[in-house]
Amino acid sequence: MGRIDGTAIAKEIRTQLAKAVDGLTGRKPGLAVLLVGEDAASETYVANKRRAAHNVGIRSTVIRRPVTIGEEELLQEIDRLNADHEIDGILVQLPLPPHISSSKVIKRIDPAKDVDGFHPINMGKLLIGEEDGFLPCTPYGIHEMLIRSHINPEGKHVVVLGRSNIVGKPLAALLMQKRPTCNATVTLVHSRTKDLKAICREADILVAAIGRPKFVTADMVKGGAVVIDVGINRVDAPQTSKGYKLVGDVDMAQVEEKASLISPVPGGVGPMTVAMLLQNTWTSYCRKEMA
Ligand SMILES: NC(=O)c1ccc[n+]([C@@H]2O[C@H](COP(=O)([O-])OP(=O)(O)OC[C@H]3O[C@@H](n4cnc5c(N)ncnc54)[C@H](OP(=O)(O)O)[C@@H]3O)[C@@H](O)[C@H]2O)c1
């Protein structure tokens, strides 16, 4: 019956970061974003990240390379950023063109600068509960959003819809950790799951990250559950200036009536993801400068 205001929580985090960065006397944290090609959605995401970084005082550099760049040349670009002492965080905007292996590129980033948290070393640390890595920004943002909304997953049954490497799997790994603000019982469901609806109805916290508009309907939600909508789907909306609008994976109109709290799209997980990227960049800076 209530909404989780991801925009407001993200702003709170950015304000705290801005204060911390403002207090620095020496060099400011630096974030490098590598953008290959001219994909419109990627351009928008990069512009948002850049603006957000600038607003908290983090220096950001966007390195643009044409879609024709070779894999080796891109890897060398990453080597250069790995060696640059002014750069605390490196982010490669995905997807990359098909002739470049994303996995190879991600593995080339120095894990200590991997602020997206996608490097296998950071994923491994997350899984085994070592806290000196980086959490992927979307799962990190979801956890932070829950905690700051006074919803502790401890002892709760969390059902995560979707098993991608950037959302579903790392979120499940994070929430199952033996830690006071985690300790959840996690079930992860996907396209081969039997009785998916019935499993979802068992959830105290239901997280939808599948990329299907209005997939989660009221009959999949237990009364009073918390519902987190991660989906970002473009649907036609001829009456709008852009001709489309962004919706989540949850049928908001139906589910809002049944859930105790729900995160909307837009204004939920999206802004949190960007805020946690800045948080990771700050953490990287602090580990280097204040060690
Ligand atoms: N708000 C944010 O900051 C943010 C960040 C990242 C992603 N997103 C959004 O979140 C959504 C998911 O992204 P992603 O990268 O995780 O997606 P993805 O890599 O495409 O993975 C989708 C997952 O959903 C499962 N799935 C798809 N259709 C299903 C169905 N009918 N029933 C059950 N499971 C189904 C897939 O199952 P299989 O594995 O069995 O194929 C897969 O595990 C997208 O809309 C994306 O735009 C938002």
Side-chain angles (χ1 to χ4, degrees), residues 3-7 9-11 13-14 33 39-49 51-52 91-96 102-103 106 115-118 123 126 134-146 158-175 186-203 206-217 219-221 227-235 244-252 262-280:
R3 289 193 178 191
I4 300 178
D5 189 345
T7 305
I9 301 171
K11 190 173 173 200
I13 294 168
R14 292 197 311 268
V33 181
D39 176 67
S42 292
E43 291 275 358
T44 308
Y45 291 138
V46 168
N48 287 343
K49 289 168 186 171
R51 192 178 328 112
L91 180 156
V92 178
Q93 187 63 42
L94 301 175
L96 289 170
S102 309
S103 153
I106 289 166
V115 286
D116 246 346
F118 295 160
M123 285 286 182
L126 161 60
F134 290 107
L135 296 175
C137 302
T138 302
Y140 189 8
I142 293 168
H143 182 244
E144 199 64 28
M145 190 161 89
L146 289 171
V158 180
V159 175
V160 179
L161 263 157
R163 58 175 161 184
S164 73
N165 286 338
I166 63 168
V167 189
K169 277 191 225 166
L171 180 65
L174 174 61
L175 296 182
V186 181
T187 306
L188 193 144
V189 297
H190 47 77
S191 67
R192 305 295 173 92
T193 300
K194 279 186 191 158
D195 298 329
L196 184 141
K197 282 194 177 200
I199 296 170
C200 291
R201 271 198 300 273
E202 297 286 312
L206 179 63
V207 183
I210 62 172
R212 302 266 183 277
K214 295 190 178 182
F215 183 88
V216 176
T217 44
D219 59 338
M220 294 166 71
V221 177
V227 178
I228 305 294
D229 193 352
V230 186
I232 302 178
N233 307 293
R234 251 184 205 209
V235 295
Y244 69 86
K245 62 176 183 170
L246 298 179
V247 300
D249 290 342
V250 176
D251 190 332
M252 185 76 176
I262 186 164
S263 75
V265 178
V269 177
M272 291 302 296
T273 297
V274 179
M276 300 336 282
L277 170 70
L278 306 179
Q279 179 68 53
N280 275 347

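One-based numbering along the sequence shown. Ligands are counted one by one from 1 in listed order, and the atoms in each one are counted from 1 as well.
- Near ligand 1, residues T138, G162, R163, S164, I166, V167, H190, S191, L196, A209, I210, G211, R212, F215, V230, G231, I232, N233, V269, G270, T273 come within 4.0 angstrom through at least one heavy atom.
- The CG atom of L161 lies 12.5 Å from the CD1 atom of I228; values are rounded to the nearest 0.5 Å.
- Applying the side chain to side chain contact (heavy atoms under 4.5 Å, CB included) test between L174 and each of L126, V186, I142 identifies L126 as the sole match.
- Atom OH of Y140 and atom CD of Q279 lie 4.5 Å apart (nearest 0.5 Å).
- Two residues are said to be in side-chain contact when any heavy atoms from C-beta on lie closer than 4.5 Å; C137 and D116 meet this criterion.
- The two residues M252 and P264 have their closest heavy-atom pair at CE-CB, 4.0 Å.
- The only member of T193, L206, T217 that meets side chain to side chain contact (heavy atoms under 4.5 Å, CB included) when paired with C200 is L206.
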